[in-house]
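Below you'll find the structure, written out as structure tokens, and then a few comments.
Just so we're on the same page: letters track the sequence lines, and every chain starts at 1.
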Amino acid sequence: MQLHNTLSGQKEVFVPQNPDRITMYVCGPTVYSFAHIGNARPAVVFDVLARLLRRRYPHVEYARNITDIDDKINAAAAKEGVEIGVIAARYAAAYHEDLAALGVAPTDHEPRVTEHVPEIIAMIERLIASGHAYAAEGHVLFEVKRYAGYGELSKRDLREMLAGARVEVAPYKKDPGDFVLWKPSTPDQPGWESPWGRGRPGWHIECSAMAETLLGETIDIHGGGIDLAFPHHENERAQSVCAHGGKVFARYWLHNGFLTMDSEKMSKSLGNVLLVKEIRKHAPGEAIRLALLTGHYRQPLDWNDEALADAKRKLDRLYGALRDAGDVAASEAQAPAAFFAALEDDINTPAALAELFEIVRTLNKSEDPAEKARLVAELRDAGSVLGLLQQTHQQWFAHGANDDAISEAEIEAALVARLAAKAAKNYAEGDRIRDDLKTRGVLIEDSKDGQRWRRA
RNA sequence: GGCUCGAUGGCAGAGUGGUGAUGCAGGGGACUGCAAAUCCCCGUACCUCGGUUCAAUUCCGGGUCGAGCCUCCA
């Protein structure tokens, strides 16, 4: 398997440090509001990678954190007059709901920062003891100059960066590039007792501490959105490497590309944030998932209505083939080698998807029961690696029944009437019924097994 | 301004130093009462200018355009 490593800027052969225990850490959300579609991309992409790894290795440990202490959460809690735990619990639950709808499997670990504060404090103490961090005015800062490798991951030269820095430099910093590991809390802010007084962790240290606790000092794969490369991952790497006596922190750094809305970055200030829970009202989660896998994970992906509609039509074809195959014998057949080869080439989902459609074309043509059974099994198996095609075709074609949609009973009644009209050779009436259903979002097809319908 | 990445047919989107993935849309045919679904056939696609090469969409350099990071961000 080959994976593109941000650190080297190249595809590298993936060689786990221990084939009996693959470790992967992906940066999860800060739970202060609902997830938008951009948040869903890394969750889906790394879910596919985890599924693939689980096919290849006996034991994969995948951790994705939930950051539940953060100033944005504090602000939301203060605004509502509730504990931060209330805010965090609410949006963590919403996050889980969104991911479940997108077919994202639960991770092996889902650490929360509030549950790992002692480990965070311990790591900061080690960084101070080794001379990589210093305390000042209730803060603890990481001293960037003490880590020669700083900037390697995000390909930045620290001095150049600081020359053009627009950030106001806090007076307690020795160097403008130093970043906070621990900061003091006022009495009304959430805080924990520490050797530096009551305070809370800075933004980057939690991932270092939790990855170490759950997965060890050196992990195989670290993933996240490309925007996290700097400063978050650069800082994480600096902390971890220095806390571990120079050991490699993450052996492969993977970053997914950004999602744009009509070619523009999704951001609150632009007002073009699209929430997953909103999209789910208009589209099946599986279509959203497929839309996210349509492009290669490192490429930017433009999100628009057309992309989603396109994904729906693709699933119509995929599930249509499964439907038309009829009842087939059970088969142990697995996805074809070309499918796995595509995914093992840096998670090339578009190429893998193309293999799915190759299977479909062959399946639609096949007359041989044994071949059909094999192809159906191959299709389902390939789908399971991508997290697709796990419903029945009936479930898929009945999707999208909102409250105001026509009920199945009404559809069935209309079908009976149409059948009667056709039997009486009253085609005008039969076509009228079909057209009527079409305007109500239901498409009728006549097959050799009788009438069938699906929601558009 | 610095850095990173990209530019493929009507749209989306892989890939490759020399036989035009895949899906949608579109055209023709088969099937159908008519459709739909399905099957078969159909596209002189690789931003631009130079260079390397027997051969470049693919490698190298310049340009133009686009996205992102440098500040919270997936």
Legend entry - A:Asn256 side-chain N/O to B:A74 phosphate OP1/OP2 under 4.0 Å: no

Legend entry - Any A:Arg317 side-chain N or O less than 4.0 Å from OP1/OP2 of B:U38: yes

Legend entry - With A:Lys277 via salt bridge (Lys or Arg N to Asp or Glu O under 4.0 Å) - residues at least two apart: none

Legend entry - Side-chain touch A:Glu143/A:Asp175, heavy atoms, less than 4.5 angstrom: no

Inset, instruction - Go through the structure and list residues passing salt bridge (Lys or Arg N to Asp or Glu O under 4.0 Å) with A:Asp346, not counting sequence neighbours. - result: A:Arg298

Inset, instruction - Using only side-chain N and O atoms of A:Asn364, determine if any of them is under 4.0 Å from OP1 or OP2 of B:A37. - result: no

Legend entry - Out of B:G15, B:C24, B:G6, whichever nucleotide has its closest atom nearest the side chain of A:Gln299: B:G6

Legend entry - side chain to side chain contact (heavy atoms under 4.5 Å, CB included) partner of A:Leu363, the single match among A:Asp324, A:Leu375, A:Val328: A:Leu375

Legend entry - RNA chain B stem ranges, 3 or more consecutive Watson-Crick or G-U pairs under 3.5 angstrom: B:1-7 with B:64-70, B:10-12 with B:22-24, B:26-30 with B:38-42, B:47-51 with B:59-63

Inset, instruction - Looking at every strand, decide which applies to A:Gly295 at a 4.0 Å heavy-atom threshold: base, sugar-phosphate, or nothing. - result: sugar-phosphate

Inset, instruction - Assess the side chains of A:Ser366 and A:Glu371: does a donor N or O sit below 3.5 Å from an acceptor N or O? - result: yes

Inset, instruction - Indicate the ring-plane relationship of A:His204 and A:Phe179, choosing parallel, tilted or perpendicular according to the 30° and 60° boundaries. - result: perpendicular

Report each atom pair, protein N/O against N/O of nucleotides 66-68 of chain B, whose distance is under 3.5 angstrom.
unit_1: B:G68; atom_1: OP1; unit_2: A:Lys265; atom_2: N; d: 2.8

At a cut-off of 3.5 Å, list every protein nitrogen or oxygen paired with a nitrogen or oxygen from nucleotides 25-28 of chain B, distance to 0.1 Å.
none

Inset, instruction - Using a strict 4.0 Å threshold on nitrogen-to-oxygen distance, state whether A:Glu445 and A:Arg323 make a salt bridge. - result: yes

Inset, instruction - Give A:Leu353 one of three labels, base, sugar-phosphate or nothing, depending on what nucleic acid heavy atoms sit under 4.0 Å from its own. - result: nothing

Inset, instruction - Have a look at A:His296 and say if it touches a base, only the backbone sugar-phosphate, or nothing, with a 4.0 Å heavy-atom cut-off. - result: sugar-phosphate

Inset, instruction - Considering just the side-chain nitrogens and oxygens of A:Lys365, establish if one lies under 4.0 Å of OP1 or OP2 belonging to B:C40. - result: yes

Inset, instruction - May I ask you to check whether over 12 heavy atoms, not counting those of A:Glu408, lie within 6.0 Å of atom CD? - result: no

Inset, instruction - Check whether the ring centres of A:Tyr91 and A:Tyr32 lie less than 6.0 Å apart, and answer yes or no. - result: no

Inset, instruction - Return no unless some side-chain N or O of A:Arg361 is found under 4.0 Å from OP1 or OP2 of B:U22. - result: yes

Legend entry - Sugar-phosphate, base or nothing in reach of A:Glu358, heavy atoms under 4.0 Å: sugar-phosphate

Inset, instruction - Scan side-chain atoms only and decide if A:Tyr319 and A:Gln394 contain a donor-acceptor pair under the 3.5 Å cut-off. - result: no

I'd like a table of atom pairs between the protein and nucleotides 30-36 of chain B - only N or O on both sides, under 3.5 Å - with the distance next to each one.
unit_1: B:G33; atom_1: N1; unit_2: A:Asp431; atom_2: OD1; d: 3.1
unit_1: B:G33; atom_1: N2; unit_2: A:Asp431; atom_2: OD2; d: 2.6
unit_1: B:C34; atom_1: O2; unit_2: A:Arg434; atom_2: NH2; d: 2.4
unit_1: B:C34; atom_1: N3; unit_2: A:Arg434; atom_2: NH1; d: 3.0
unit_1: B:C34; atom_1: N3; unit_2: A:Arg434; atom_2: NH2; d: 3.4
unit_1: B:C34; atom_1: N4; unit_2: A:Asp446; atom_2: OD2; d: 3.1
unit_1: B:A35; atom_1: N6; unit_2: A:Asp446; atom_2: O; d: 3.2
unit_1: B:A35; atom_1: N1; unit_2: A:Asp446; atom_2: N; d: 2.8
unit_1: B:A35; atom_1: N3; unit_2: A:Arg434; atom_2: NH1; d: 3.0
unit_1: B:A36; atom_1: O2'; unit_2: A:Glu445; atom_2: OE2; d: 3.0
unit_1: B:A36; atom_1: N1; unit_2: A:Asp446; atom_2: O; d: 3.1

Legend entry - Touch class at under 4.0 angstrom, heavy-atom based, for A:Asn39 against every strand present: base

Inset, instruction - Name the residue closer to the 5' end of RNA chain B, choosing between A:Lys155 and A:Thr30 according to the nucleotide with the nearest heavy atom. - result: A:Lys155

